[in-house]
Amino acid sequence: MKYDIIIIGAGVVGSAVARELSRYKFRVLVLEKENDVAYGSSGANSGVIHAGFNVPPGSLKAKFNVEGNRIFPRLARELSVPFKRIGKLVVARNKTERSRLEELKDIGVKNGVPGLRVIGKKELRRLEPRIEGEAALYVPSAGVTSPFLFTIALAECARENGIKFRFGEKVIGIKKTQCGFIVRTSAGLFRSQVVVNSAGICADEIARMAGINRYRLYPNRGEYLILDKRFGNLVGRMIYPVPLKGAPGLGIHITPTVDGNILLGPSDAFIKDRSDTRTTASVFSRLIKEAEEMLPSLPREAFIQGYAGIRPKRVSARMKGFRDYVIEEDPKVSGFFNLTGIESPGLTAAPAIAKYVTSLILKSLSAGKKAAFKAALKKETRFAELSLRDKKRRIRKLPRCGEIVCRCEQVTKEELRDAVKGAFGIPSLAAIKIRTRAMTGRCQGGFCSPKIIEMLDKEFGLNKENLILKTKESYLLACRTKDLRR
Amino acid sequence: MKKEYTCIICPASCVITVTSRGRRIISLRGAKCQKGIAYIKGELIHPRRVLTTTVEVRKGRIDLVSVRTRSAIPRSKLIPAMNILARRAVTAPVKIGDIIVKNVANTGVDVIATKSVYKA
Amino acid sequence: MKEKKVDVAIIGGGPAGLAAAAKLAGDGIGNILIIERNEWLGGILEQCIHDGFGLEIFKKSLTGPEYADYYIRKVKKLRVPCLLSSMVINLSRDRVLTVARKGELLAVRAKAVILAMGCRERTRGALCIPGTRPSGIYTAGVAQNLINLKNWMVGKRLVILGSGDIGLIMARRFTLEGAKVLAVVEKLPFASGLERNVVQCLNDFGIPLLLERTVVDVHGRARVSSVTIAKVGPCGRPIRGTERKIACDTLLISAGLIPENELSRGAGVILDERTVGPLVNEFYETSAKGIFTCGNVLHVHDIVDWVSFEAERLAFGVKEYLKKGCIAPSKIDVKAGGGLKYVLPQRVSGARTVEFAMRVDQPGRNRAVVFRDNGRIIRRFTFNRVSPPEMIRAKLEESDFKGIKMLSVDIER
């Protein structure tokens, strides 16, 4: 099968590009090496829709960030993705830091960020009584979303509009031919005229396969801790420290998630191995220590999980300085579009990047618009978030909604079955987790995971090889109870 | 030889100090009841345990029925009994108290179901 | 919404809920409703297929399902209505429960509510164990559910973190089924589970118990490939340079149980920081009027018989409440002093005999539990042996309470 466009990587950027391209009569294939979307950095971040005050004016980061923030609320509604514009406070602890707030504000104003305001100690106290600080930059346009649900919705919408996805297919070679590309994967060969490289942390490797050696990505790990929802009201807005000049990250911040938890993190550390998403004891204690400086009443016994994401940075620890996103058709390899170094604010910028890339592709490849394009994706509100009346209504309509399997996050049997049926690849526990929030609560699946495994086993007939946590090799079960004694 | 044992008959967990020469017990101190003394004597000479495990069930609401030996069997027979039970399967319905295997591993002790499993 | 009115709503059909129901129904309380989220009664006992239950009540060693069966038969015989596969999603302070079940959302208005939701396990995340996030990390209870009820072995070569009873029981269970348990790792200098379980579950099979050690790292991308353990210092921190890697495919976590009080919190029930369960008086009434509690949701028990006894004492309180519309005020505070993790109940009326439950923070021999009123010794109970896994019970008679304002309990030599 010959495609017009092959997109490599189904992270938030690849999925957004796929959806954008699905407006046109292109034949598009998305190749993803993992079993699901949002597997890499797209799923392991703060879930923040940034405002755009700490990226240099005139940069692509600034442009796409501010535009992404502007279009996000509508997009979220369209795709039935949760979004809360809760606002952000950058908290200064002293006079020096306070003066930095004005600098940040000026950058923000230049970038076109609306509503920025430096507030004093009194107002900070009023807004966030538990936060220690001298002053703060108030950023009303910043918000939070679910990076998983957003990416899933983008991909599902693209799929409904005719885009093909292939999961579990790792690209291992790219050959430029006279009329396009041959992309070799672990499963076969695919031809296309255009390739979009949105491979996240692997984008430099993918580029190299096409003979492009100009990029090198330096993996930088950010670790997080998640707090029990019980402590979800400690803060109402995102609380950020004043970023250090030239630091690779934004500093350890306190982020209320769209689901009602609080995140601490992320740290920033350059690492060698780009797939090394482990967490470390030293960073855990650093996260707690630094968060405590802003939030002294942070409870110690509040954590339910830790995780880490990898930033695809274009600067190494030694190089320092600012490097912008690369979003361009390669000057030498025509038809090959590199989307490289998409780190924070990548989640926010993705929809704007997608529009921009699409406009670049349309310059060399023309196609008419699809009349039947459906921009919207209708999804039911999670049962847990419904009012009592609506819960009752939902149960009357779908009796299985009364069967609650995950008690911590109140996930129903109906929602679990939908997630299994709707999964892109093998319905792994991770795929079910990110779609339903089952097993993500304070008991981390202590009550519901055996029930979910049983459902996959008995109701959906998954065999042992397909009962997995996340990747194909992450088998959950060794054998039947009696197998070792037979 | 002097050795301390913790009695496992009940949660009182008496610490019993035993002085012995070979298999002959010279003195036994610390047991609050006769059961403890009997336990230590048994433990020294011929330890016995109740085996609790499961057996596969066909056509039941669940795939395993929990079972036990009716009384304690020699500790050395635990694994042989497990190997026998791994190859057994019963068909639902199973009632609590039903004999699943008679005289398991020639111990003279039966294995019985400890729960009822109804038909699927 | 469909509304149901009952005298007593019991949340949870495990040992606590069943024993309370059996006692209340046996004493003639008619309108009781048990609400159970599983499709069966018996709670966690159904997966606890090992024996050792019921030594106090039945004077013999029953397995979990057999113990549960006794109470299930009893409540069935007494025709106590049960809603199975039903989840209470909300409890209000005025005792209205919202129950979700297949096809309906139900409001249950109760004169008295008994919280009997049990507890949950402490997870890897709560323990902040760093490392990779592969498959093969299970809490002991989840592994127990899978191996005993769902016919699945979670792994073949296991390391168990925590020597709580479930961890010890699972070490034996996996060994019996042919898996290899490489070590049980315990942070404290003594086992967290009962001594008899250390003997029967570890010593019998030569499974090493590594004390004063903990898991400090998890390795393996897709599936656990090994864990690093290290010695811990007196402050509980791992000591650098003592790390040792153990190759395994599974890490089981048995590092403590936490009373499951989300519904209680929602109803405004005040919790004790020490037990993480509700504050109660001798009638097992919480800070919210008409809401009672017993079992592992109140404090984590080591022996199910104590749960059943507690439920029976609670039943007395519930009957009093139903008869009089309120419970006699409890004005005497009970303070857990030196050597104790907690003491229950935290408040007493002084008008009747009370059985206290407590847990020591250190193991020891020849210790005394001393009850005092403002320094004056009221009673002294001596014990040959005390240890944190084993709950201590001690009774004060009605006459002991004469003139008492504040009660304190200490462990002394």
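A, B, ... follow the sequence lines: proteins, then strands. Residue 1 opens every chain. A quick note: this is a predicted structure, and the numbers were derived from the prediction, not measured.
- Put simply, OG on A/Ser449 and NZ on C/Lys150 are 9.5 Å apart, with the number rounded to the nearest 0.5 Å.
- Each of C/Ile89, C/Asn145, C/Leu146 has some count of heavy-atom pairs under 4.5 Å with chain A, and the biggest count is that of C/Ile89.
- Proximity to chain C (any heavy atom under 4.5 Å) is restricted, for A/Phe447, to the side chain, taken from C-beta onward.
- The contact between C/Arg173 and chain A is made entirely by side chain atoms (from C-beta outward), counting heavy-atom distances below 4.5 Å.
- Contacts of C/Ala179 with chain A are made by both backbone and side-chain atoms, with heavy-atom separations under 4.5 Å.
- In this structure, A/Asp483 does not pair ionically with C/Lys156, as no charged nitrogen and carboxylate oxygen lie closer than 4.0 Å.
- Heavy-atom neighbours of C/Glu273 CD from other residues, nucleotides or ligands within 6.0 Å: at or below the threshold of 12.
- In this structure, CZ on C/Arg101 lies 10.5 Å from CD1 on A/Ile395, to the nearest 0.5 angstrom.
- Proximity to chain C involves both the backbone and the side chain of A/Glu403, based on heavy atoms less than 4.5 angstrom apart.
- Among C/Arg124, C/Glu104, C/Arg221, the residue making the largest number of heavy-atom pairs under 4.5 Å with chain A is C/Arg221.
- Without hydrogens or angle criteria, C/Ser135 side chain to A/Tyr475 main chain gives a donor-acceptor distance under 3.5 Å.
- In plain terms, the two heavy atoms of C/Arg120 and A/Cys443 that are nearest each other are CD-CB, 3.7 Å.
- The candidate with the highest count of non-hydrogen atom pairs below 4.5 Å against chain C, out of A/Thr471, A/Asp457, A/Leu398, A/Thr412, is A/Asp457.
- Taking A/Arg389, A/Arg396, A/Lys451 one by one and counting their heavy-atom pairs under 4.5 Å with chain C, the maximum is reached by A/Lys451.
- Residues A/Leu477 and C/Met153 are not in side-chain contact: their nearest non-hydrogen atoms beyond the backbone lie 4.5 Å or more apart.
- Note on C/Ile258, C/Val142, C/Val218: by heavy-atom pairs under 4.5 Å with chain A, the leading option is C/Val142.
- In terms of heavy-atom pairs under 4.5 angstrom with chain A, the leader among C/Ala143, C/Ser86, C/Ala222 is C/Ala222.
- Rounding to the nearest 0.5 Å gives a distance of 12.5 Å between CD1 of C/Ile147 and CZ of A/Arg480.
- Here C/Val154 is the residue among C/Val154, C/Asn90, C/Leu127, C/Thr132 with the most heavy-atom pairs under 4.5 Å with chain A.
- The environment of CG in C/Leu84 is crowded: more than 12 heavy-atom neighbours from other residues, nucleotides or ligands sit within 6.0 Å.
- With a 4.5 angstrom heavy-atom cutoff, A/Ile468 does not touch chain C via any of its atoms.
- Electrostatic pairing of C/Lys102 and A/Glu414 does not count as a salt bridge here, judged by no charged N lying under 4.0 Å from a carboxylate O.
- In this structure, no portion of A/Leu429 lies under 4.5 Å from any heavy atom of chain C.
- At a 4.5 Å heavy-atom cutoff, the contact between C/Asn151 and chain A is made by backbone and side-chain atoms alike.
- Contact of the A/Gln444 side chain with the C/Thr139 side chain is not registered, since no non-hydrogen atoms from C-beta on lie closer than 4.5 Å.
- Counting non-hydrogen atoms of neighbouring residues, nucleotides and ligands closer than 6.0 angstrom, the NZ atom of C/Lys180 reaches no more than 12 such neighbours.
- Looking at A/Ile226, there are no atoms closer than 4.5 Å to chain C (heavy atoms on both sides), in backbone or side chain.
- Contacts between A/Ile304 and chain C at a heavy-atom distance below 4.5 Å involve the backbone alone (N, CA, C, O).
- Looking at A/Lys482, both its backbone and its side chain come within 4.5 Å of chain C, counting heavy atoms on both sides.
- For the atom pair C/Leu105 CG and A/Leu388 CG, the distance stands at 5.5 Å (nearest 0.5 Å).
- Salt bridge present: A/Arg442 and C/Glu262 bring a charged side-chain N and a carboxylate O closer than 4.0 Å.
- Interface summary for chain C: among A/Asp276, A/Leu225, A/Thr277, the most heavy-atom pairs under 4.5 angstrom belong to A/Asp276.
- Looking at A/Arg278, its side chain never comes within 3.5 Å of a backbone N or O of C/Gly220 through a donor-acceptor pair.
- Rounding to the nearest 0.5 angstrom, the gap separating the CG atom in A/Leu476 from the OG1 atom in C/Thr250 is 10.5 Å.
- The choice from A/Glu473, A/Glu454, A/Arg407 that makes the most heavy-atom pairs within less than 4.5 Å of chain C is A/Arg407.
- In this structure, chain A has no heavy atom under 4.5 Å from any part of C/Ser85.
- Of the two parts of C/Tyr138, only the side chain, counted from C-beta on, holds a non-hydrogen atom closer than 4.5 Å to a non-hydrogen atom of chain A.
- With rounding to the nearest 0.5 Å, the separation of CZ in C/Arg223 from OG in A/Ser474 is 9.0 Å.
- Looking only at distances, a side-chain donor or acceptor of A/Thr481 sits under 3.5 Å from a matching main-chain atom of C/Trp152.
- No more than 12 heavy-atom neighbours from other residues, nucleotides or ligands sit within 6.0 angstrom of CG on A/Asn233.
- Chain A forms more heavy-atom pairs under 4.5 Å with one residue of C/Glu260, C/Glu177, C/Met87 than with any other, namely C/Glu177.
- For chain A, no part of C/Leu149 is nearby; none of its heavy atoms comes within less than 4.5 Å.
- The contact between A/Ser275 and chain C is made by backbone and side chain atoms together, counting heavy-atom distances below 4.5 Å.
- A pairwise comparison of heavy atoms in C/Thr175 and A/Arg485 identifies O-NH2, 3.1 Å as the closest pair.
- Other residues, nucleotides and ligands contribute only 12 or fewer heavy atoms inside 6.0 Å of the CZ atom of C/Arg237.
- No more than 12 heavy atoms of other residues, nucleotides or ligands sit less than 6.0 Å from atom CD of A/Glu301.
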